[in-house]
Amino acid sequence: MKPRIWRFDNANSLYYALIDEIASAVRPILDSSRSPMMALPTGNTMIPFYRLAVESEERLGIRDWTCFNLDEYHPLPSGDTPYSFRSYLEQHFYSRLIHPPRHRMELDGTAPDPKEECARYEHEIRTRGGIDLALLGIGTNGHIAFNEPGSAFDSRTRLVHLHPDTLLANFKGAPPVTSALTLGIGTLLEARKIVIVAMGKSKSQAVRSAISDPIHPSVPASALQNHPDVTWMLDQESSDRL
Ligand code: GLP
């Protein structure tokens, strides 16, 4: 299945096009008075996107969204943890909106029983009708959400150990946590639409392997080749090996 591949000369035009893409994906859902089910990523790549989304909150109908965090570190101490993905979304997105989304779902990094927490999350997704749009970034090792190389393509939401490359990319010093809860690749592939964004040279090999090389579990993002509605949004640097 051929993905759409959009390349942009500069970051600004990519993020504006991303807002347009999301606006046109959610419009028919909003028009049918249903809540768009959105899976939302973290990461540096997405910070400018959230800034723009906040400016466009009315147009995107964000107040009517149901949002699912893609992943979360585990175990987290109770209380506010600055590096948690919950804090990230609060800081960059939810707290800046005039009308935050009515339904916000997150994987609870403080949950004592990760298995039970992941089953609860899958149940929430299923009973609410499945994810309409999964917005993804990509790790330098080709991970999507926190599905590291070697993850099964039919994996569900679960506890995972993070790859040393990921820990290095996400934490400057000693990592305070080395595992996480993540939507599985199988869970992500059930989303009706997937939009994946990559920026910068450090992502170019992962982008190439994911799009142009044969599908292989060593590159989790290559699983997207099995999905019928994937849009890659890339800057020049991340796409220069395609
Ligand atoms: C993180 C997240 C991913 C994200 C990726 C890229 O660890 N788990 O969902 O897509 O790594 O992050 P960045 O945009 O900072 O490169």
Side-chain angles (χ1 to χ4, degrees), residues 8 11 14-15 18 22 38-53 67-74 76 81-93 105-109 114 118 121 131 133-151 155 157-173 175-189 191 194-211 219-224 227 230-235 237-239:
F8 298 87
L14 185 155
Y15 290 112
L18 177 57
I22 292 175
M38 312 292 281
L40 298 179
T42 53
N44 294 323
T45 308
M46 303 315 290
I47 293 175
F49 159 71
Y50 287 116
R51 201 179 306 127
L52 269 189
C67 299
F68 285 84
N69 293 10
L70 284 177
D71 43 14
E72 180 59 280
Y73 294 112
H74 186 282
L76 290 179
T81 315
Y83 59 81
S84 73
F85 289 169
R86 175 184 216 270
S87 302
Y88 171 105
L89 278 161
E90 194 56 38
Q91 183 196 342
H92 295 290
F93 192 39
M105 308 294 152
E106 46 204 20
L107 281 159
D108 180 3
C118 293
Y121 213 58
I131 291 166
L133 195 159
L135 180 57
L136 304 178
I138 184 170
T140 49
N141 64 4
H143 75 223
I144 44 176
F146 265 147
N147 293 284
E148 297 283 28
S151 297
S155 54
T157 305
R158 68 203 188 287
L159 179 71
V160 292
H161 296 291
L162 299 172
H163 193 277
D165 291 350
T166 302
L167 295 170
L168 202 64
N170 290 13
F171 297 108
K172 290 202 173 64
V177 59
T178 54
S179 46
L181 308 178
T182 182
L183 286 194
I185 296 182
T187 321
L188 289 170
L189 292 177
I194 294 176
V195 177
I196 178 163
V197 180
M199 302 276 296
K201 213 166 186 46
S202 67
K203 303 289 172 72
S204 63
Q205 184 54 49
V207 165
R208 196 209 129 77
S209 313
I211 296 176
V219 183
S222 69
L224 302 180
H227 191 281
V230 175
T231 304
W232 285 85
M233 303 189 81
L234 307 169
D235 68 350
E237 290 190 330
S238 65
S239 60

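All ligand and atom numbering here is 1-based and tracks the order in the structure.
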Give the numbers and elements of all ligand 1 atoms closer than 4.0 Å to a heavy atom of G137. 10 (O)
Which of V197, I194, L70, I196 passes side-chain contact (heavy atoms from CB on, under 4.5 Å) with L135? It is V197
Check step by step if side-chain contact (heavy atoms from CB on, under 4.5 Å) holds for M46 and L18. CA-CA 11 Å; M46 303 315 290; L18 177 57; 4.2 Å; yes
Is the side chain of D71 donor-acceptor paired with the backbone N or O of F146 at a distance under 3.5 Å, no angle test? yes
Give the residue and atom name of whichever protein heavy atom lies nearest to atom 4 (C) of ligand 1, and the separation in Å to one decimal. T42 O, 4.0 Å
Per-atom contacts of ligand 1 with D71, taking only distances under 4.0 Å to non-hydrogen atoms: 2 (C), 8 (N), 9 (O)
Check for a donor-acceptor pair, side chain of D235 on one end and backbone N or O of G200 on the other, with a separation under 3.5 Å. yes
Approximate separation, where rounding is to 0.5 Å, of Y73 OH and L181 CG: 12.0 Å
What is the closest protein heavy atom to atom 3 (C) of ligand 1, and at what distance does it sit? A145 O, 3.6 Å
Classify the side-chain pair T187/R158 by whether it contains a donor and acceptor separated by less than 3.5 Å. no
Taking heavy atoms and a distance under 4.0 Å, where does A169 meet ligand 1: side chain, backbone, both or neither? neither
Are any of the N or O atoms of N44 closer than 3.5 Å to those of ligand 1? yes
Nearest candidate to atom 11 (O) of ligand 1, where distance is taken over non-hydrogen atoms, out of M46, M199, K203, H143: H143
Just by distance, do the side chain of S209 and the backbone of Q205 share a donor-acceptor pair under 3.5 Å? yes
Distance-only, no hydrogens or angles: does the H92 side chain make a donor-acceptor pair with backbone N or O of T42 under 3.5 Å? no
Protein heavy atom at shortest distance from atom 6 (C) of ligand 1: I138 O, 3.5 Å
Shortest protein contact, atom 7 (O) of ligand 1 (heavy atom only): N170 ND2, 2.7 Å
Part of T182 with heavy atoms under 4.0 Å of ligand 1, whether side chain, backbone, both or neither: neither
Any nitrogen or oxygen of T166, main chain or side chain, under 3.5 Å from a nitrogen or oxygen of ligand 1? no
Measure from the side-chain N and O atoms of Y15 to the backbone N and O of I47, and report whether any donor-acceptor pair falls under 3.5 Å. no
Just need the protein heavy atom nearest to atom 12 (O) of ligand 1, so name the residue and atom and give the distance. G43 CA, 3.8 Å
Which ligand 1 atoms does T45 reach within 4.0 Å, using its non-hydrogen atoms? 13 (P), 14 (O), 16 (O)
